[in-house]
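Take a look at the structure set out below.
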Amino acid sequence: MKRIALLLLGLWPCHAALADDASGRVAVWAPSVTAGGPALRAQTLRMVVHPSADGAAPRVRLSNLRGTAPLHVGHATLGEQSSQAAVAPGSLHPLTVHGKTGFTLPPGGEVWTDPVRMTVTTQRNLLVSLYLPDAVDSSTFHHDAFDTTYASASDAGDHAGDLDAAAFTAQSTSWYQLSALTVVAPGHDTVVAFGDSITDGYDTPIGANARWPDALARRLAAAGIPLAVIDAGIGGNRVLTDAPNPTQGLSALHRFDHDVLSLPRVRTVILFEGINDIGNDAGPGGRPLTADDLIEGYRHLIARAHAAHLRILGATLLPYKGAGYFSDKGEGIRQAVNRWIRDAGAFDGVLDIDQALRDPADPQRLRTAYDAGDHLHPNAQGMKAIAEVVELDALTRQKPAATRPGG
């Protein structure tokens, strides 16, 4: 489609991860970030990070990607979580950039911290603390963390070095100014789960790590397969068009470079997105959506993955009858798109999540046992069922040779 091709002219390949890729450094956590975060005023944030693989020498990517003003970080630390906002004794380390404890990120900028001399395990949550001494009018953030972030009161001063939780009197369920964690883990690679609120873990229990990418990471670890899993889901996100609500993010076409290609040692992408395009009837250029529009968007993402030597697996779209934006027209598009995912051979593999989670008595609906209640999002049991659909050996097969973008 010409409109989609024009959108892609504004994208560029990202090579920032190449040095880390060659050194055995791997991405083990990386939430997609958006604009529209709340204002912050001279306070300390303490955020829970759950690594998907073991490793050493962690680095954190701090982000002002969607910010419109410079972001000054006065003090940053990394430690293991003891309980809630408390840091385990002996585990707290400073986060520095080129040896400096304070630094400034320009609007649209990101920075990797220096490696920290500690080990990271999937069994232990980490706490990243940021003291932001200046007012931030609109933060770069990930809205639906399904984990707890702790914050001090505004103008309460620097508490990034505190071991106890006393200063952290407020809570939210978003991550702020963070976009990745990497570790040195020789022999490991990364798979990116790229999608919308279903991948983001909508309505799963807070702090339970019950999203389907979390369940997949646990399966891989139990099988002894050296793969980390990144959850690049955003609630409300679309494949073809930027959502009108900035917290729902740029389109998959616009964020693919940052959320996938900027991370080291990514080898496989699982694309599971499109139901918000369908439910909102959101075609390119503001016109109604067609199945061909969505398929063309998938083709562009496949080409971009192959150009970067990545394998890309396609997941069929879940049934959504009973959801607020269900329509017969949309169901026709979903069925046509799912047939193409299954039969066209364009993806390097197919995850038939639709078949696994639909109600046999009414295939346009989710099974009741997997329905979170809105007839669109799976519950924790449904999330586990999605992870079970993934054939683990499909994530470790040889990656494809590069192809030309758009081919």
Side-chain angles (χ1 to χ4, degrees), residues 27-40 43 45-52 60-68 71 73 76 78 81 105 108-113 125-130 132 136-151 170-182 190 192-214 217 228-238 242-243 245-252 254-260 262-263 272-273 276 377 383:
V28 295
W29 180 84
S32 300
V33 294
T34 74
L40 305 169
Q43 59 194 127
L45 306 171
R46 180 160 282 178
M47 294 164 281
V48 179
V49 171
H50 184 72
S52 61
V60 176
R61 186 169 66 183
L62 304 177
S63 183
N64 195 24
L65 188 69
R66 310 301 180 203
T68 57
L71 175 74
V73 178
L78 176 68
Q81 184 183 34
L105 284 67
E110 297 190 307
V111 65
W112 287 100
T113 63
N125 284 339
L126 301 175
L127 292 174
V128 175
S129 302
L130 301 179
L132 306 176
V136 179
D137 290 336
S138 181
S139 52
T140 293
F141 84 143
H142 182 90
H143 184 268
D144 293 324
F146 300 101
D147 215 324
T148 303
T149 284
Y150 306 91
Q171 296 182 6
S172 74
T173 53
S174 299
W175 290 302
Y176 306 92
Q177 318 296 169
L178 299 180
S179 65
L181 175 79
T182 66
T190 296
V192 176
F194 192 73
D196 50 37
S197 57
I198 297 173
T199 296
D200 204 19
Y202 179 77
D203 212 24
T204 53
I206 301 298
N209 298 308
R211 316 163 192 87
W212 74 260
D214 297 316
V229 181
I230 295 302
D231 188 333
I234 302 177
N237 200 240
R238 305 174 184 180
D242 299 343
N245 181 342
T247 68
Q248 296 174 337
L250 302 180
S251 71
H254 282 155
R255 68 185 180 95
F256 189 79
D257 274 14
H258 178 269
D259 293 359
V260 177
S262 74
L263 299 172
F272 182 23
E273 185 161 8
N276 289 318
H377 296 97
M383 293 289 177

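Start at 1 with the first residue, then count along the sequence.
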Heavy-atom closest contact (Y150 atom, V48 atom, distance): CE1-CG2, 4.2 Å

Minimum-distance pair of heavy atoms, taken over all atoms of D203 and F146: N-CE2, 3.2 Å

S52 and W29 side chains, donor-acceptor separation under 3.5 Å: no

Minimum-distance pair of heavy atoms, taken over all atoms of H142 and S32: ND1-O, 2.5 Å

Validation row: Q177, L62 side chains within 4.5 angstrom (heavy atoms): no

Value rounded to 0.5 Å, distance of CG in D242 from OG1 in T34: 11.5 Å

Distance-only donor-acceptor check, side chains H143 and D200, under 3.5 Å: no

Separation between CG of L130 and OG of S139, rounded to the nearest 0.5 Å: 11.5 Å

With E110 via side-chain contact (heavy atoms from CB on, under 4.5 Å) - residues at least two apart: R61, S63, L65, S179, H258

Only distances under 3.5 Å count here; give the side-chain donor-acceptor pairs of residues 228-238 to other protein atoms, sequence neighbours excluded, each with its distance to 0.1 Å.
residue: D231; atom: OD1; partner: G233; partner atom: N; Å: 3.0
residue: N237; atom: OD1; partner: R255; partner atom: NE; Å: 2.9
residue: N237; atom: OD1; partner: R255; partner atom: NH2; Å: 3.1
residue: N237; atom: ND2; partner: Q248; partner atom: O; Å: 2.8
residue: N237; atom: ND2; partner: L250; partner atom: O; Å: 2.8
residue: R238; atom: NH1; partner: T241; partner atom: OG1; Å: 3.4

Parallel, tilted or perpendicular: ring planes of H377 versus Y202, cut at 30 and 60 degrees: tilted

T173 side chain to D144 backbone, donor-acceptor under 3.5 Å: no

Sub-4.5 Å side-chain heavy-atom contact between W175 and V128: no

Minimal non-hydrogen separation, I198 against F272, with atom names: CG2-CE2, 3.7 Å

Contacts of type side chain to side chain donor-acceptor pair (under 3.5 Å), residue N125, not counting sequence neighbours: H50, Q81

Smallest separation among heavy atoms of A252 and E273, with atom names: CB-OE1, 3.8 Å

Reported CG-to-OG distance for the pair L40 and S138, which is rounded to 0.5 angstrom: 9.0 Å

Closest contact, heavy atoms only, T140 versus R66: OG1-N, 2.9 Å

